[in-house]
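One structure is given below, encoded as structure tokens.
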Amino acid sequence: MEAVDSGSDGASWSQRRVGIVYDERMCRHHTPDGEFHHENPNRIRAIWNKLQAAGITQRCEVLNAKEAEDKYILSVHGKIHVDLIRNISSKQFNSRRNRRASKFNSIYLNEGSSEAAYLAAGSVIEVAKRVAKGELDSAFAIVRPPGHHAEHDKAMGFCLYNNVAIATKFLLNKKELGINRILIVDWDVHHGNGTQKTFWKDPRVLFFSVHRHECGSFYPASDEGDYTMIGEGPGAGYNINVPWENGRCGDADYLAVWDHILIPVAKQFNPDMILISAGFDAAVGDPLGGCRVTPYGYAMMLKKLMDFARGKIVLALEGGYNLTSISNSALACMEVLLDDKIVAGSTKADPLESTWRVIQVVCQELKAFWSVLADELPTKLTSQKAPIAQILFSSSDSEAEVVEEVLQDFILPLSKTFSVDEDHHESASVSWRSDLSKIDIWYATFGSNMWNPRFLCYIEGGQVDGMQKPCSGSMDKSPPKDILWKTFPHQLFFGRESTRTWGLGGVAFLHPESKNEDIVHMCLYKITLEQFNDVLLQENVSSYDMSSPLFDLTSLDCSKEKGSIDLEAVKNSQYHNVVYLGMEQDIPILTMACNMSDIENFKSGKVPLCAPSEDYANTLIRGLVEGGQLSEEKASSYIRDAATKPL
Ligand code: X5A
Ligand code: ZN
């Protein structure tokens, strides 16, 4: 576990106004007989205590819980249901309570239940209102009983009133708040059936739920949670279910769903506010969930949502039954809201195979409503077999490489994520793509990318002959606008013993400094600076999250001036040094090389020079031949020379 500092400078206004609501009265809802129940008062106590011990509550605006007014509850629930919940706790109901509770599915009731239910709903309303008004930037409501299973006239699944649905209706009905589009993200491990029903035909509310489904056998065990349930009438397309086929899902699976479904759709939907049904029962260690999300995973999921609605986010607790897991997860989320730091603790790098399948069917189902989902997922992703972890820790990898890849996957992305300038927080993370998409550059390649089909994987995604794993592709999948070849006075050489993409054998490197006697053949692709960023990320096998670009206009100027620029965010990777090679048709030529200290490491033998594997060499030769640059024979000797010439 490693903490990564935000890098935000203390001088700027770094203190975000984050609200938090907790009230001991919500602990008075418990089983009438004192029997153990997973949904018990210690859940919110544990979270509250953890946040206090971590110094979080002291930095937040702590609000007292408020009971919701009936009129707000009635916007979601029927009168009969409200009457029942209101009266269930009074003395004369004593004997009837158990009978009443037993009529519901997974519900218990005692004399404290009504008050707790009103406080839970009222607390979410209260913080949502303050965030909507801008009195708070964001907030977390530590409430129970949970809400997302509760339907119009039905308590179920430990839920009495649907807290999040009630607060959502409240915001929409208070026109003066100016909240017209709300995104509800339900990451509780169970399907949010009650919330789905409430907004089934309502296009003002985009309901997104990711949950264990298992063909409708996991609680609440119906086909309502299936991906085919997309809403109806004007609400068609505004209900998105991501149904896991099994448990075992972890950070990589959730983040893949975020990257390929939720975040693109959120961009298109452009919510005025986000409410999160924040159950933590998908957390690793949960007794009911069976999933493996870590605090780091929750932090990343939340962080990615902060780019929308100007950060107006309200989290409301739903499920989550391992006291330690929910406390640590909640803490990680609070740290994201406070924008200060994040803790890397994830170990699984790749989504399950079934996850790609689910992502694909969801996109299929909804692409007619959300054009951003229409892009085909790279087909190879859907048949992905080899988890990165296997390759990561295979015996052929040097220890340094393992350490470096772990660094790239878990530490580096964070340090970058949190160095976004406070004042430019929203604009920087949302608009860099469209800015950089207007600028063309030549990306000069000297390795396997000289073979066009291989380079296209970086744009379109996928995998070609010889590659051990598929690429994710660029966000903008338009092909290069032009391709041309040039030679430059730099040395090509081969180093390292193996790589993730090509397996055993050295890969191509470029000496960053030019020397007259050297010559390297390069294939230049005219792509946008936005695409170049996506290529950079893939070249450097990092899971840096791109909330800001790796290489922006300032970097471009800097590289022109200095000849090259070393990228901090991917500094432990192999092609971190962007080298400027001059202009061509008024467009800058950029390539990716190592830096001089890497050259020293190669010279000293600290990192081995190593001839390319046959497969890899053949890919380069193929590129040179198909590109019309060299005959097969000349190409082979060109590669052979490069592999044997000393540095
Ligand atoms: C809110 C929540 C779970 C109900 C499970 C019933 N409910 N077996 O997590
Ligand atoms: Zn749940």
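Position 1 is the first residue of the sequence, and the numbers go up from there. Order of listing sets the numbers, starting from 1, for every ligand and every atom in it.
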Sequence neighbours excluded, every pair satisfying salt bridge (charged side-chain N to carboxylate O under 4.0 Å, His left out) that has a member inside residues 55-76: R59-D340, K66-E126, E69-K71, D70-R86
Under-2.8 Å neighbours of the Zn ion (ligand 2), protein N/O/S atoms only: 4
Parallel, tilted or perpendicular, as decided by the 30° and 60° cut-offs, for the rings of F36 and H38: perpendicular
Y108/H29 aromatic ring centres below 6.0 Å: yes
Can you give me a line-by-line list of nitrogen or oxygen pairs between ligand 1 and the protein shorter than 3.5 Å?
unit_1, atom_1, unit_2, atom_2, d
ligand 1, 7 (N), H149, NE2, 3.3
ligand 1, 7 (N), G157, O, 3.0
ligand 1, 7 (N), Y321, OH, 3.4
ligand 1, 9 (O), H190, ND1, 3.1
ligand 1, 9 (O), D281, OD2, 3.0
ligand 1, 9 (O), Y321, OH, 2.5

Under-4.0 Å salt bridge between E111 and R97: yes
Between CG on residue L305 and CG on residue L262, distance to nearest 0.5 Å: 5.5 Å
Residue that, paired with I142, satisfies side chain to side chain contact (heavy atoms under 4.5 Å, CB included) out of I326, L315, I20: I20
Between H149 and Y219, ring centroids under 6.0 Å: yes
Could you pull out every donor-acceptor pair under 3.5 Å between side chains of residues 224-233 and any protein atom, sequence neighbours left out?
unit_1, atom_1, unit_2, atom_2, d
E224, OE1, K197, NZ, 3.3
E224, OE2, K197, NZ, 3.2
E232, OE1, W200, NE1, 2.8

Short side-chain donor-acceptor distance under 3.5 Å, H190 and D188: yes
